[in-house]
Amino acid sequence: MNSDFDCTRVLEKALLETSATLDGFGDDFAPQIRTADEKFGDFQANGVLPHAKKHRGNPREMATQLVDALPSSQHWETSIAGPGFINFRLSSDYLLGWIAPFEDREKLARAVASENPFKAVLDYSSPNTAKQMHVGHIRSTIIGESLARLLAFCGHEVTRDNHLGDWGTQFGILLYAIKRQGSSLDDLGDDPVAELEDLYRKGNAWTKEDEGALAEARGELVGLQGGDPESMALWERIREISMESFQAIYDLLGVRFDHAHGESFYRDRVDQVYDSLLRHGICEENEGALVVFHPEHKRFAKQPFLVRKKDGASNYATTDLATLWFRSEEWAADQVVYVTDGRQRDHFEQLFLTAGKWFAAEDKTLPELSHVWFGTILGEDNKAIKTRDGQPVKLADLLAEAVRRALVMVEEKNPGLEPAEAQRRARIIGIGAVKYADLSQDRTLDYVFSWDKLLAMQGNTAPYLQYAVARISSIFRKLEGDPSSLMEQARPPETEHERSLARKLIFFPLAIEQTLRELKPHFLCTYLYELATGFSSFYNHDKVMVDDSREQGLRLMLCARTKLFLETGLEILGIETLEEM
RNA sequence: GCGGGAGUAGCUCAGCUGGAUAGAGCAACGGCCUUCUAAGCCGUAGGUCCUGGGUUCGAAUCCCAGCUCCCGUGCCA
């Protein structure tokens, strides 16, 4: 990130350069620049207080000493308040100077670009084949996509991998059910994946009540794993059918992957994992299974990480290790981000510990590993939505309902709009609403599924942000004259709302940094919402179409920059915008 | 049992890792459309930040104890 882009860095640098010249300050001073309450200023430095405590000084005196020594600047005014806060109020000229250069996406992207770009692999969505996606799958897909876009926007090289659950014991039962029922996979009706799910349920019931059926299902699994051509062909077809149904949802969501190397992709690579772990003495045999213990860890010293079941089969620990190896070896990943449910935290902690030892033993550099976990979507009973009992809402149905509700509003507000255009707007608004509803909440929190929560279109929602963008577009449509030549004449912000909006704009880098640091999109959502409220307030108080060309120039510039930041931020969230709503 | 997450306005949630008088949205109430899109703006009301201690200039945030809910804890992922 460009160092002038983030004002906190500019102020921090100024304070540090000054404090270094002062006798009493020492070299351990941390300015702690934060955004300030608007009534105090734009930024504040809190660092003098703890610093004074540490050095047994008087904080107010030390703050005074520091501020007095600070070279006078045309860019900001300083003041000292309370026990020793240093407040900075940026000058109007500085605000204008900061905002003016961001004429387009390119200039913004260049300011954001990381000095140290790396290769990141994002592992997200990851549904199970032969099953429909339901609301429980929405979080990984949406959060993962958003983080992929964020990393890419910050200049990193991103590989998106859909780690499908396409291999495992369930296929024995499913193949058995298909053969017993004599089903044709090419004639499963309108909703083939629902049909597959149904077949699995039947198969499951049969194997539970009948020993013979269970044995046959196991036989099917062995056959599949042994590469039996007929079984393999069925399995392939199941994968295709599933991918088609997933793809319809991904298309609607605007999600795309570079790869979909599911678990099956690694089925021939797991033996190498056992061999290597055994050779290095990382795993051991225990109760017939191969397990990894971590004696140095208080919990995982006793709680094993199973890498091979006692029947000799691999499990997800094995494939995850093989997958990580592949991503490191073949894709040269510097970072791997896993976006999954929080209930898998133990698994990933053990995976990371094991991988650390394994890579070290193999003398390989371990990529930086991040488990980006999220809370569970709960049913009305406060329990996790389960596929088994009670049908969870299908993801396709949720999205369809979102579009339907948005269409009602679009038609109400634009009577006579062409149906195709109304449909297009409804899709962008409805899907945006669903995505934003999920992304705007801290991902680690559970929430209870609610149509009204996910499909809200008023207040802190995607449509509100999209609406701000649409209103700005409308201004530029109606403008007579050349916007760029008007903007060149812009005077500095003066009115309360001009200043307030400009101030919101300069916080953009902070929001990006915070979101990136924590890999939590809700920080960006909060920022964009505040930017949009700042704009709405400005819009209602200060008319853009005014006679004074310098005043109009500034207001147009504020509109243009707000639009760019909102569009860019929404694009990172995976939310489309509209010229007209 | 052990480990983890959560508890903030009637409801849903923020609160930038210890800062100034705790903020939004929804719901409620009252204003604002012959003026750039009212999916909006302005205002009013609403709080023992689960409870009790502690640490200090200063705590929703940190430490201890307790209460409630949720999750994980060897062959699912």
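The chains referred to below are lettered A, B, ... by the order of the sequence lines, with proteins before strands, and numbering in each begins at 1. Since we're looking at a predicted model, the values are computed, not measured. In what follows, every heavy atom counts, from backbone to side chain, and hydrogens, waters and symmetry copies are set aside.
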Could you check whether A:D542 gets within reach of a base, just the sugar-phosphate, or nothing at all, counting any heavy atom under 4.0 Å?
base
Which whole number of Å gives the distance between the C1' atom of B:G47 and that of B:U21?
13 Å
Identify whether any heavy atom of A:Y464 sits under 4.0 Å from a base atom; if not, whether one sits that close to sugar-phosphate; answer base, sugar-phosphate or nothing.
sugar-phosphate
Which is true for A:Q344 with a 4.0 Å heavy-atom rule: it touches a base, it touches only sugar-phosphate, or it touches nothing?
base
5' precedence on RNA chain B between A:S474 and A:G168 (nearest-nucleotide basis):
A:S474
Base, sugar-phosphate or nothing for A:Q466? Non-hydrogen atoms, less than 4.0 Å.
nothing
Just to be sure I understand the rule, does A:F523 reach a base, reach only the sugar-phosphate, or reach nothing, if contact means heavy atoms closer than 4.0 Å?
sugar-phosphate
Both distances under 3.5 Å, Watson-Crick or G-U wobble: report the partner of B:G40, or none.
B:C32
Under the 6.0 Å and 45° cation-pi test, does A:R308 pair with A:Y274?
yes
Is the closest side-chain donor-acceptor distance between A:T340 and A:H371 under 3.5 Å?
yes
Identity of whatever pairs with B:U48 - Watson-Crick or G-U, under 3.5 angstrom
none
Geometric class of the A:F565/A:F508 ring pair [parallel <30°, tilted 30-60°, perpendicular >60°]:
tilted
Using the purine O4'-C1'-N9-C4 or pyrimidine O4'-C1'-N1-C2 torsion, is B:U17 syn (within 90° of 0) or anti?
syn
Describe, in one word, how the ring planes of A:H261 and A:F265 are oriented to each other, choosing from parallel (under 30°), tilted (30 to 60°) and perpendicular (over 60°).
parallel
Over all strands shown, is A:N87 touching base, sugar-phosphate only, or nothing at heavy-atom distances under 4.0 angstrom?
base
NA contact type, A:R60, heavy-atom cut-off 4.0 Å: base, sugar-phosphate, or nothing?
nothing
Can you tell me how the ring of A:Y338 sits relative to the ring of A:F348, calling it parallel under 30°, perpendicular over 60° and tilted otherwise?
tilted
Sole residue of A:R503, A:R499, A:K504 in salt bridge (Lys or Arg N to Asp or Glu O under 4.0 Å) with A:E38:
A:R503
Mind telling me if B:C29 is syn or anti? Syn here is a glycosidic angle within 90° of 0.
anti
Counting any heavy atom closer than 4.0 Å, what does A:K310 reach on the DNA or RNA strands: base, sugar-phosphate only, or nothing?
base
Look at all strands and tell whether A:P59 reaches a base, only sugar-phosphate, or nothing, counting heavy atoms closer than 4.0 Å.
nothing
SB check A:K563 A:E579 (cutoff 4.0 Å)
yes
Distance under 6.0 Å and angle within 45° of the ring axis: does A:R269 meet both against A:W167?
no
Checking base pairs now: Watson-Crick or wobble, both atom distances under 3.5 Å. What partners B:U73?
B:G1
Heavy atoms only, 4.0 Å cut-off, all strands: where does A:L510 land among base, sugar-phosphate and nothing?
nothing
Reckon A:N286 touches a base, only the sugar-phosphate, or nothing at all at heavy-atom distances under 4.0 Å?
base
Given that A:K543 and A:N460 both sit by RNA chain B, which one's nearest nucleotide is further toward the 5' end?
A:N460
What contact category does A:I472 fall into here, base, sugar-phosphate, or nothing, at under 4.0 angstrom with non-hydrogen atoms?
nothing
If B:U17 has a Watson-Crick or G-U wobble mate with both distances under 3.5 Å, name it; if not, just say none.
none
Over all strands shown, is A:Y539 touching base, sugar-phosphate only, or nothing at heavy-atom distances under 4.0 angstrom?
base
Looking at every strand, decide which applies to A:A81 at a 4.0 Å heavy-atom threshold: base, sugar-phosphate, or nothing.
base
I'd like the 5' and 3' limits of the part of RNA chain B contacted by chain A, with heavy-atom contacts below 4.0 Å.
B:G3 to B:A77
